[in-house]
Amino acid sequence: MTGAPEAPGRRTSPWVLLLHTVTFRQARALVPAVLALGVTRGLGNGLGTVVALVVGITVLSLLGAAISWWRFSYTDGDSAVVVTRGLLSRSARTVPNDRIRGVEVEAPVLHRLLGLVRVRIDAAAGSVTSEEELVIDGVTRAEGDRLRHRLLTHAASAQDLAEGGRHAAAEPEEELLRFDYRWLVYAPLVGSYLAVPLAAGGALLRAAEELPEQFRPEFWSPDVSDTRIVVRLVVGALLLLILGSILGSALVNWRFRLLRRGGALVAVRGLVTRRHTELDIDRIRGCTISEGLGMRLVGAARVSALVTGLGDATRRGQVLPLGPVELARALSAELVDHPGPLHRHPPAARRRSIARGTTPGLLVAAAGGVLVAMTGWWPMLAAGGVLVLLGVPLGLARYNALGHVAGPRSFAMRSGWLVRSHTVLQDRAVVGWQVRQSLTQRRAGLVTVLACVGAGSGGYTVRDMAAAEAPEFAQAASGAWAATLTPYG
């Protein structure tokens with residue numbers, strides 16, 4: 001992405017002024033200054049002050065939205081898309097069509113009321129950050145669909161020309177999967193969904209505390225000395241967490257569908273905010289199957305596609321938000337060729353994993369032994385013994401999660417205890433290899449191998465592999481150029 005001379009282009013809908021004014025988008029940074037001015041003026045904290053502050057912030061927001069709308073334009077040309085913005089400091093960002101990796105059209109609830117959408121354009125660059133994303137906010141639904149189709153069509157055409165017309169004609173639309181609402185029972189086992197009711201409750205409490213004193217509600221303070229009340233509160237809180245996580249999952253994944261449309265992978269989801277994400281299939285370099293501890297107990301998993309140059313890859317690359325693990329594995333195999341069953345790591349890796357799991361307990365036990373000798377206080381020694389006992393199954397669980405394999409067209413790695421991640425990558429995804437070896441690994445004949453890729457998180461690790469296997473694994477995954485890795489040990 002480079003700068004470009006300013007050129008006349010299209011404007012977003014004028015209704016975006018109302019949208020940005022209602023959400024105070026342009027005036028959020030000025031809210032503390034307005035509040036401070038109200039305090040220094042001695043306006044008090046009555047209803048009149050609240051009205052005056054709201055009116056002032058609204059006027060500032062409207063003014064900022066008008067300036068932003070007036071100085072914003074976009075052009076979707078035959079070779080590139082250009083976004084120009086700014087009043088005093090003008091900027092123009094140009095993204096060649098052959099660098100576009102995906103387009104997302106989203107419609108939050110206020111946008112839908114005004115018939116508007118927000119278009120996010122992902123472009124490949126040196127790293128996957130928000131700076132690799134162009135956002136065109138406040139166009140009509142028809143214009144958003146036109147932009148999505150035009151940009152992806154041009155990106156595919158540019159790719160065709162670059163690769164000598166290798167792509168075949170567009171395939172008919174094929175539905176790969178549809179979200180089954182019975183899968184919502186898995187939601188309480190996913191940390192991100194459990195965070196939804198906690199965040200909502202915290203936001204409500206904070207909003208209530210910000211109200212003027214005469215409007216602030218009185219909160220009930222339970223008698224924590226009554227065991228029955230405490231039990232009811234705990235049970236009620238757990239039920240609210242479970243119901244809130246299920247509701248949050250339903251809102252995010254409402255009517256989720258995954259489609260294959262020509263050369264694009266299309267994911268549609270959302271109730272309050274409806275999102276339509278399209279990914280270039282040719283840019284998919286791998287898949288990750290994630291299974292949390294609770295999800296493994298009930299046989300559930302999530303699948304994310306690893307796409308080069310994709311911003312916010314955790315959300316936009318998600319092709320199965322939640323579902324049975326068998327379906328997750330089948331979908332991953334549909335998108336990326338799997339290299340076969342994983343190879344177990346050597347016994348030295350098991351010993352090292354157990355040692356890492358028991359070391360904290362041994363340190364606590366040692367400190368507890370000193371306290372026992374000096375003061376006779378033994379609970380810390382007992383706690384250290386318990387931690388040591390728990391560290392053994394923890395170390396075994398971490399070891400059992402390890403695995404790797406290299407096949408003719410792809411390679412795979414697995415790790416993680418609390419959240420187990422099984423990643424399959426295409427051979428062409430790798431741009432480099434890194435081998436690390438700590439002092440304890442050197443003594444055990446182990447290494448940690450990092451595959452550097454231009455998709456997903458940017459690097460995927462095989463921990464505690466036998467040192468002698470590292471060059472062979474890298475060469476099998478990447479070809480002769482990786483044979484320069486020398487054995488460690």
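The figures that follow rest on heavy atoms only: side chains count, while hydrogens, waters and symmetry mates do not. Bear in mind the structure is a predicted one, so any value in this text is a computation, not a measurement.
- Side-chain contact between R269 and T277 is absent, with no heavy-atom pair separated by less than 4.5 Å.
- For the atom pair CG of L110 and CG of L116, the computed distance is 10.0 Å after rounding to the nearest 0.5 Å.
- Relative to the six-membered ring of Y460, R285 misses at least one condition, a distance below 6.0 Å or an angle of at most 45° to the axis.
- Using modelled atom types, one side-chain atom of T359 and one backbone atom of A355 make a donor-acceptor pair closer than 3.5 Å.
- Residues V319 and L176 form no side-chain contact, since every pair of their non-hydrogen atoms from C-beta on lies 4.5 Å or further apart.
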Taking distance alone, no hydrogens or angles, what donor-acceptor pairs closer than 3.5 Å link side-chain atoms of residues 443-452 to residues at least two apart or in another chain?
{"unit_1": "T448", "atom_1": "OG1", "unit_2": "Q441", "atom_2": "NE2", "d": "2.9"}

- Message: If you apply the rule side-chain contact (heavy atoms from CB on, under 4.5 Å), what do you find for D145 with H276, and how did you get there?
- Response: CA-CA 10 Å; D145 290 339; H276 184 123; 5.7 Å; no

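- The 12-atom threshold is not exceeded at CD of E472, counting heavy atoms of other residues, nucleotides or ligands nearer than 6.0 Å.
- A 4.5 Å side-chain heavy-atom check between L342 and M413 finds every atom pair outside the cut-off.
- At least one donor-acceptor pair closer than 3.5 Å links the side chain of S245 to the backbone N or O of L241.
- When only modelled atom types and interatomic distance are considered, S438 and T440 share a side-chain donor-acceptor pair under 3.5 Å.
- In terms of modelled atom types and a separation under 3.5 Å, the side chain of Y399 and the main chain of P347 share no donor-acceptor contact.
- Side chains of F72 and V16 form no contact here, defined as non-hydrogen atoms less than 4.5 Å apart.
- Side chain of R112 to backbone of V272: a donor-acceptor contact under 3.5 angstrom is found.
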- Test log, rule side-chain contact (heavy atoms from CB on, under 4.5 Å), inputs R302 and L320: CA-CA 5 Å; R302 313 170 82 174; L320 177 61; 5.9 Å; no

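- Remark: R420 does not engage E291 in a salt bridge, criterion side-chain N to carboxylate O under 4.0 Å.
- Contact between A250 and L184 at its shortest, heavy atoms only, is N-CD2, 3.8 Å.
- Taking the side chain as every heavy atom from C-beta outward, H343 and E469 never approach each other to under 4.5 Å.
- Among residue pairs with one or both ends in residues 342-366, those qualifying as salt bridge (Lys or Arg N to Asp or Glu O under 4.0 Å) are R352-D464; sequence neighbours excluded.
- Between N253 and P321 the shortest heavy-atom distance is OD1-CB, 3.3 Å.
- Looking at every heavy atom in both residues, R255 comes nearest to R274 through O-NH2, 3.5 Å.
- With hydrogens and angles disregarded, no donor-acceptor distance shorter than 3.5 Å links the side chain of R275 to the backbone of E106.
- Minimum interatomic distance between R118 and P108 (heavy atoms only, all atoms of both residues): NH1-CG, 3.8 Å.
- Scanning all heavy atoms of the two residues, the minimum distance from A80 to T94 falls at CB-CG2, 3.7 Å.
- At a threshold of 4.5 Å between non-hydrogen side-chain atoms, the residues L306 and L425 count as touching.
- Considering all non-hydrogen atoms of both residues, Q426 and V336 come closest at CG-CG1, 4.0 Å.
- Salt bridge status for R329 with E326: absent, with no side-chain N to carboxylate O gap under 4.0 Å.
- Using cut-offs of 30° and 60° for the angle between ring planes, the W254 and Y181 rings count as tilted.
- At distances below 3.5 Å, at least one donor-acceptor pair connects side-chain atoms of D427 with backbone N or O atoms of S410.
- Counting heavy atoms from C-beta outward, Y74 and I121 have side chains that stay 4.5 Å or more apart.
- No more than 12 heavy-atom neighbours from other residues, nucleotides or ligands sit within 6.0 angstrom of CZ on R409.
- The closest side-chain heavy-atom distance from L258 to L331 is below 4.5 Å.
- Ionic pairing of D137 and R120 is not present here: no N-O contact between side-chain nitrogen and carboxylate oxygen is shorter than 4.0 angstrom.
- Enclosure of atom CZ in R398 by more than 12 non-hydrogen atoms of other residues, nucleotides or ligands within 6.0 angstrom is indicated.
- Between F473 and H404, the ring-plane angle classifies as perpendicular under the 30° and 60° cut-offs.
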